[in-house]
Each structure stands twice: as structure tokens, then as C-alpha cells.
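Only this structure's heavy atoms are used, side chains among them; waters, hydrogens and symmetry mates stay out. Order of listing sets the numbers, starting from 1, for every ligand and every atom in it.
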Amino acid sequence: MDRTRPAPQDLLEIAVDVARDAAATAYRMRAEGVSVAATKSTVTDVVTAADRAVERQVLDALRRLRPDDAVLGEEYGAGETGPVGPGGVRWIIDPIDGTVNYLYGLPHSAVSLAAEVDGKVVAGVVRNVSTGEEWTATAGGGAWRDGARLRCSTETDLGQALVATGFGYDPRRRAHQARVIAELITQVRDIRRLGAAALDLCLAAEGRVDAYYEKGLAAWDLAAGGLVAAEAGLRVSGLGGLPAGPDLVIAAPPALFAPLHDRLAVLDASGGP
Ligand code: LIP
């Protein structure tokens, strides 16, 4: 390994320490009471004071620990950091994924923190704020939850698959997504809409859902959970061989990927507003 290139395990250890402290702050602020601080893309796309405080805490910790690294966070973007050079590290932060769940006190929100080197996520942690469940992965090092190695579902029949998904905030996009799911729901075991992409990807990594797809994810929704899912044996991709990204993320076990992909392509799951 390049001597100047940080080891993924070293980056993961930093990510875990920072994410644990961040999740503790989110948990405390939730107990103290949470309200909407602002809205973003629509009136239902909310930001709480905790989202901002947690991301600020993560940014300060990373600047202290690795001052030359770049960052990309949901609330503060790239901050004051510039682009990273070859071999440089960029941290990708979702301070609270599942913000609406967090606002309502539903136990399905998470701190998601990933380290990316040369455009590839090499380490990631997702920590459920309410339950303390913690998923981790390094590129080539496997996916783990609380010390147990994860393997994805072995389901081979799409009609028997429990499929997680999510919806955007824009009513026009939601209408298109509803049309897609109105068809898909008749062709799978059932659908779960749990409200936090990072956690949905981690649940797929351990077979607590068989597969996941969603249109509209940002880099911070996908980075850590996508590595956990891939390291647990799921294929994580977009449509037609494109990489997973805002147009569509599909995370499915090898036997389910093609049938789910093809069904989503026919239903135009990556289309619409
Ligand atoms: C959430 C995603 C989720 C999606 C929600 C929301 P946020 O991110 O994690 O998959 O369905 O609509 O976008 O806004 O809580 O960070």
C-alpha cells in the first residue's frame, strides 16, 4: 500500500470514534426536545438544530484529527476545505440520516460517516442514534455489525423478496415513485419504507430486508451504507451498468439483482421529476 495512503482500517477507527460521539450528541439533543430549524427543498424537507450541531461536531473533530482532509456534509457542504489531491481523503457526512424519523422520535435515524480516497469509499460507519446498533465496513475488509460479520440475503425469488425503498420530498417525484411502487408491490413479498437510506442499506447488508432501491439519494445518504451493503455481498449499482447515484440506487443480492433491476427499468424507477 502506498506509504502516504492511509490504511482503511485506520480511517475506520477515526470514523467510529467520531460517529459515536456524534450519535451521543444527537441522542442527547433528541431527549432534550427537537424542533424544525429550517426547511430545504420543500416544506417537508426539514433540518433540526441537531442536524447542524452534529455535523459541526463531526467537522471540528475531523479537522482536529486530520486537518489536511476534505469534507462533504449534508448541511455545510464542502465547508472551507478545498479539493483533495491524489491519495487524499474526503470525509462524507450525513449527520442525521432519517431526519423526519428523528424529529418524530421514531428509532430509525443514523449518523453516517465515510472516508473516500481517489473517489472510492474505503471505510464507513453507520450508527443508529436510538438503538446504538453500529455497522462498519472497509473496502475488502467485510461488513460488520457490533462485531458480527454480515452476509446479505440468499433469497432467489423476487416474488418472495422484502424490498425497502424511500421517497423524495418533491410531490411531483413522489407521484412518480408511487406509480412505480403501485406495480412493484404486486410483484414482491412486500415493501418497507423505513425512512433512512443509510440504515436501509445496512438492513439489506444483513438480510433484514432482501433488497433496497431508491431514486434521489445524495452522496452522504449512500456513502457509508453503500459500502456496508457491498461488503456484505450485495450488488450496489444504478440502472444499465451506471454507478449507484441520484438517478437510482439498487442494492440486491446477486440472485435478485437482475430481476429487480429489470423490473425497475420497465417501471421507469429512475425517471420522473
Ligand atoms: C432521507 C433518506 C431516505 C429518504 C428520505 C430522506 P434525510 O434522508 O435517507 O432514504 O427516503 O426521504 O431523504 O433527508 O433524512 O437526510
Side-chain angles (χ1 to χ4, degrees), residues 19 22-23 26 29-30 34-56 58 72-77 92-114 124-130 133 135 163-178 180-181 184 191-205 208-209 211-229 234 236 238 244-252 264 269-270 272-273:
M29 292 184 74
R30 183 71 196 82
V34 170
S35 59
V36 175
T39 59
K40 295 190 289 192
S41 63
T42 68
V43 292
T44 55
D45 183 1
V46 297
V47 181
T48 72
D51 290 273
R52 292 173 169 169
V54 169
E55 185 164 323
R56 173 50 53 199
V58 171
L72 172 64
E74 179 170 11
E75 307 311 331
Y76 297 107
I92 303 174
I93 311 158
D94 193 337
I96 299 176
D97 188 36
T99 297
V100 172
N101 287 342
Y102 180 78
L103 180 67
Y104 278 74
L106 298 172
H108 197 75
S109 63
V111 173
S112 174
L113 180 56
V125 57
V126 177
R127 188 175 177 90
N128 186 309
V129 169
S130 303
E133 290 170 298
W135 294 266
V163 179
T165 190
F167 308 122
Y169 290 108
D170 181 330
R172 296 165 303 159
R173 172 169 291 181
R174 294 167 71 82
H176 181 82
Q177 292 172 317
V180 171
I181 213 161
L184 187 67
I191 294 289
R192 290 293 182 271
R193 195 283 195 261
L194 299 169
L199 289 175
D200 295 345
L201 286 159
C202 290
L203 294 180
R208 291 161 74 181
V209 295
Y212 164 77
Y213 80 93
E214 185 165 354
K215 175 184 175 65
L217 294 193
W220 44 78
D221 296 315
L222 174 61
L227 180 65
V228 170
L234 291 146
V236 182
D247 283 347
L248 198 65
V249 172
I250 306 172
L264 291 172
S270 66

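Distances between N or O atoms of Arg193 and those of ligand 1 include at least one value under 3.5 Å. The shortest N/O to N/O separation between Asp45 and ligand 1 does not fall below 3.5 Å. In terms of polar-atom proximity, defined here as any N/O pair under 3.5 Å, Gly168 makes no such contact with ligand 1. Considering backbone and side-chain atoms together, Phe167 places an N or O closer than 3.5 Å to an N or O of ligand 1. The shortest N or O to N or O distance between Val100 and ligand 1 is not under 3.5 Å.
Going from atom CD of Glu74 over to atom CD of Glu55 covers 7.5 Å, rounded to the nearest 0.5 Å.
Looking at Asp45 and Thr42, their side chains never bring a donor and an acceptor atom within 3.5 Å of each other. The closest side-chain donor-acceptor pair between Asp170 and Ser41, if any, does not fall under 3.5 angstrom.
For Arg30, the salt bridge (Lys or Arg N to Asp or Glu O under 4.0 Å) test picks out no residue, with sequence neighbours left out.
Within ligand 1, the atoms closer than 4.0 Å to a non-hydrogen atom of Glu74 are 16 (O), numbered from 1 in the order shown. Near Asp221, with a cut-off below 4.0 Å to any heavy atom, the atoms of ligand 1 are 8 (O), 9 (O), 16 (O). Of all atoms in ligand 1, numbered sequentially from 1 with element shown, those under 4.0 Å from a heavy atom of Thr99 are 15 (O). Heavy-atom contacts of Gly166 reach the following atoms of ligand 1: 11 (O) (cutoff under 4.0 Å).
Remark: Arg56 qualifies as a cation-pi partner of Tyr76 under the 6.0 Å distance and 45° angle criteria applied to the six-membered ring.
With contacts defined as side-chain heavy-atom distances shorter than 4.5 Å, the pair Thr39/Thr44 does not qualify.
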